[in-house]
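What follows is a short report on a single structure.
Note that the structure is predicted; figures quoted are calculated from it, not measured. We use all heavy atoms of the structure for the numbers below, so side chains are in, but hydrogens, waters and symmetry mates are not. In what follows, chains carry the letters A, B, and so on, assigned in the order in which the sequence lines appear, proteins first and then strands, with residues in each chain numbered from 1.
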Amino acid sequence: MKLFLFEMKKIHHTRAFTIFIFLTVLFISGLYIKNYIQQDIIIANKVQQFSEHRSDVFGDIQLYRKQKEEGLLESETEKKLAVASKLHGEINELIQAIQDKKWETELLTEIKVYQSAIVYQEMKGTFEKSKKDMLDTISLNEELLKKGLPKEDMDLSIQPPIFMKKIVSLLLNPFGFLILLLILGTSITREFEEKNIQMVYVLPVSRPYYIMNKFISLVVIGIFWLFIVFFISYLLPYLFTETTENSFSYPLMSMEGNFITSSHYLKEAMIYSLFYMIFSISILIFFGFLIRNTIVTYLLIIFLHIGNFIILTNGFMYQVNPFTYGMVDLGVINDDTQSFFGTSLLFGASIVLMIMSIYMNKRRGIR
Amino acid sequence: MSILTIKNLSKSYKKQKILDDISLTIDSPGIWALVGPNGVGKTTFLNVLTNILPADSGSVELVGKPNRDFRIFREVSYLQDNTVLFEYLTGYDHLKYVCDVNKINKARIKEVADYVGMTNYLKKVVGNYSLGMKQHLLLAMAIINKPKLLFLDEPLNGLDPSSAILMRKILIELAENGTTIILSSHNLSEIDRVTKQILFLKDKKIIQINTANYETVYYYLALSHSEKGKLILSENGFLVNEESGKLKIQLKDRSLSNVISILQNHQINIYDIEKEITGSEKLYEELFEL
């Protein structure tokens, strides 16, 4: 315990971590303030989106009417005109509901709009939204109506669970974890470069014990950072937002097409981020004690994380690749049922890396 | 049980042999000085003994246990170069850490800090320490666990005269209380003051010599009448030279009290007497062909 406290003291004195925590809080607060200020934009964005649809549909209506006047209207086109006119009316209703902030009417009308739009698209009418998106939105709206929750803007929402999800997607990803590692990494490599490690080597502390102590102290620091991320992103909306009742039941659609509640999402996100953080730190310990040079260790870790990020964002998400779970948001949304496999993989990989670190350093000198 | 047993120890670095088949046994308390030119491998030798660097071949036992056993450091200490200190921590933090790993009561920190004379700056950050202050801290860290075997790498570096005297006093006291001390140093006159057991590191080997046979004792006398004193002592058969305003006198078979008596009989007052012992310097010159 005392050695652990000594490690914590060393990390604290480097100040880099304190600054990192401060910047994390600043980032989350800044995003919350920005979202708070931009709440009116949500309505404006929705209105604009459906106004564009309305314009497209109206353009078609005008064309069909002109064809009708010129006697060129066929029966098929007559049907299209009818559907387009209905769609246009529904869009008008929807825009009105949005502007009047009647969320239940908005959800119901949006369902009608997209149902009509799907039919219209099948008739080769102009409606710039994919069928899949419209079907997903219909499902979401039906789910929201069941739960009695208004729809939230996933980017600008200041409701606690949605804002927390946004923070998870922005901070708990390969880049966020990479920054954490770069901040913590010097606590290992600098001790070799500045020869502080020699002091430890002539004390009655076994090297495996020292490495484990270092690992545990870094994990605790990492847990503290995760706690700050989740806590601040919850606290700000809790304090300053008029929260919707039952907001943690807000449905989120997974890649499988089914819904998970936002509370379930956040629970999974906490678990994934914790285990991925432990895995990341075990990588740091492994390379830090192996290479013992700050620049080379950092370059290697950056290469690993960015390389995997590129692979993942190009769709190569493999369950057996532990780095997959670094994209916490995607990892939960992709398949909420594989958390046991994912966390087991991460935990197993961490153990293997730690065993290798201890084995390689057991008899090795400072050079 | 031997305090230090080295058998056929060899070590190379970047394909260059530094230590070649060294064997040595020390089985009693006392002070041994490790001497050699710059770059000959003194620090490497100490690092290999303490397993900071692994040996290529051979074995080392400290206080009866292999040097790979980390538990030996409950009874073995090593005063290293001051770069091992954490610049952003205080002296107290360092000593507390050593106490914690050795499971020593914290009360010992103040005791040792007072003993080495660092109480005034104990709670200051090491980054603000002078070289001498860092050496005091390193010494405190090395003796806090009352070691049976103590290695010191250039312990007198950066010490002012009063600190050097204190260091010498501490080492002699430790040796008298049963600690075996091996110190590397360039300061031959200081070595002569603490020990006659020299380990010369030459041509990758250790040559163990007792310099008692090479000793010469000089006294420096500050007198009320230097010229008259010089004449009188010369007439009485003493070898006398003048150095820095004092008389340097070499005693062979005669005693200092004899000198004092002669001077007092001629009404010459003695203001100061300083003693200097040389032995290792002469031996060093012969060994390293200077």
Side-chain angles (χ1 to χ4, degrees), chain A residues 1-19 183-214 216-217 221 289-290 292-294 357-367, chain B residues 11 13-14 43-44 46-56 62 65-90 92-94 96-104 106 125-127 137-138 141-142 144-145 147 149-151 153:
Chain A
M1 182 65 181
K2 287 175 180 175
L3 300 189
F4 165 76
L5 291 174
F6 186 70
E7 288 298 325
M8 301 299 285
K9 197 170 214 172
K10 282 194 277 177
I11 293 169
H12 168 68
H13 271 280
T14 58
R15 291 200 185 148
F17 184 69
T18 310
I19 293 170
I183 299 283
L184 297 179
T186 53
S187 70
I188 299 169
T189 53
R190 270 180 69 187
E191 288 193 5
F192 284 98
E193 289 169 340
E194 294 176 7
K195 295 190 187 173
N196 305 126
I197 195 78
Q198 281 185 212
M199 186 183 92
V200 179
Y201 275 20
V202 295
L203 291 172
V205 176
S206 71
R207 288 173 199 182
Y209 183 81
Y210 182 72
I211 292 171
M212 281 308 299
N213 207 38
K214 188 71 88 176
I216 290 167
S217 62
I221 295 283
F289 277 90
L290 175 68
R292 303 175 173 187
N293 177 282
T294 303
S357 302
I358 288 168
Y359 181 75
M360 281 178 340
N361 283 278
K362 211 171 169 190
R363 296 202 165 182
R364 194 176 163 197
I366 53 163
R367 289 197 285 262
Chain B
K11 176 69 181 173
Y13 181 62
K14 289 183 182 175
T43 300
T44 301
L46 293 177
N47 285 346
V48 171
L49 293 187
T50 50
N51 200 34
I52 288 175
L53 294 173
D56 293 342
L62 307 179
K65 297 187 191 84
N67 68 343
R68 283 196 190 128
D69 185 349
F70 66 92
R71 285 166 290 195
I72 58 171
F73 293 108
R74 290 197 185 119
E75 298 175 293
V76 177
S77 289
Y78 182 14
L79 190 157
Q80 304 176 69
D81 184 78
N82 64 66
T83 56
V84 305
L85 299 171
F86 292 95
E87 296 276 309
Y88 46 85
L89 297 178
T90 64
Y92 183 86
D93 291 332
H94 285 83
K96 188 171 177 308
Y97 182 53
V98 177
C99 278
D100 288 340
V101 299
N102 281 284
K103 296 183 172 53
I104 297 170
K106 271 192 310 183
V125 170
V126 168
L137 173 58
L138 287 165
M141 288 166 65
I144 202 165
N145 61 335
L149 175 57
L150 175 59
F151 296 103
D153 192 6

*Above 12 or not: heavy atoms from other molecules or residues under 6.0 Å from NZ of A:Lys195?*
no

_Are there over 12 heavy-atom neighbours, none belonging to A:Tyr359, within less than 6.0 Å of that residue's OH?_
no

*asked:* Heavy-atom pairs under 4.5 Å with chain A: which of B:Val76, B:Val48, B:Leu89, B:Thr50 has the most?
replied: B:Leu89

*Measuring from B:Leu53:CG to A:Tyr201:OH, what's the distance to the nearest 0.5 Å?*
10.0 Å

*Please state whether the side chain, the backbone, both or neither of B:Arg68 comes within less than 4.5 Å of a heavy atom of chain A.*
side chain

_Interchain contact, B:Asp69 with chain A, by part (heavy-atom threshold 4.5 Å)_ = neither

*Nearest heavy-atom pair of B:Asn102 and A:Pro204: which atoms, and what distance?*
OD1-CG, 3.3 Å

_Minimum heavy-atom distance between B:Thr83 and A:Asn196, given as atom pair plus value_ = O-ND2, 3.6 Å

*Quick one: does B:Gln80's side chain have a donor or acceptor within less than 3.5 Å of a partner on A:Gln198's backbone?*
yes

_Between A:Lys10 and chain B, with a heavy-atom cut-off of 4.5 Å, which part of the residue counts as in contact: side chain, backbone, both or neither?_
both

*Would B:Glu87 and A:Glu194 satisfy side-chain contact (heavy atoms from CB on, under 4.5 Å), going step by step from the backbone distance to the final call?*
CA-CA 10 Å; B:Glu87 296 276 309; A:Glu194 294 176 7; 5.8 Å; no

*Inspect the contact between A:Lys9 and B:Asp93 and indicate whether a charged nitrogen and a carboxylate oxygen are less than 4.0 angstrom apart.*
yes

*Side chains of B:Phe70 and A:Leu203: closer than 4.5 Å at any heavy-atom pair?*
no

*Return the orientation label for the A:Phe6 and B:Tyr97 ring planes: parallel under 30°, perpendicular over 60°, tilted otherwise.*
parallel

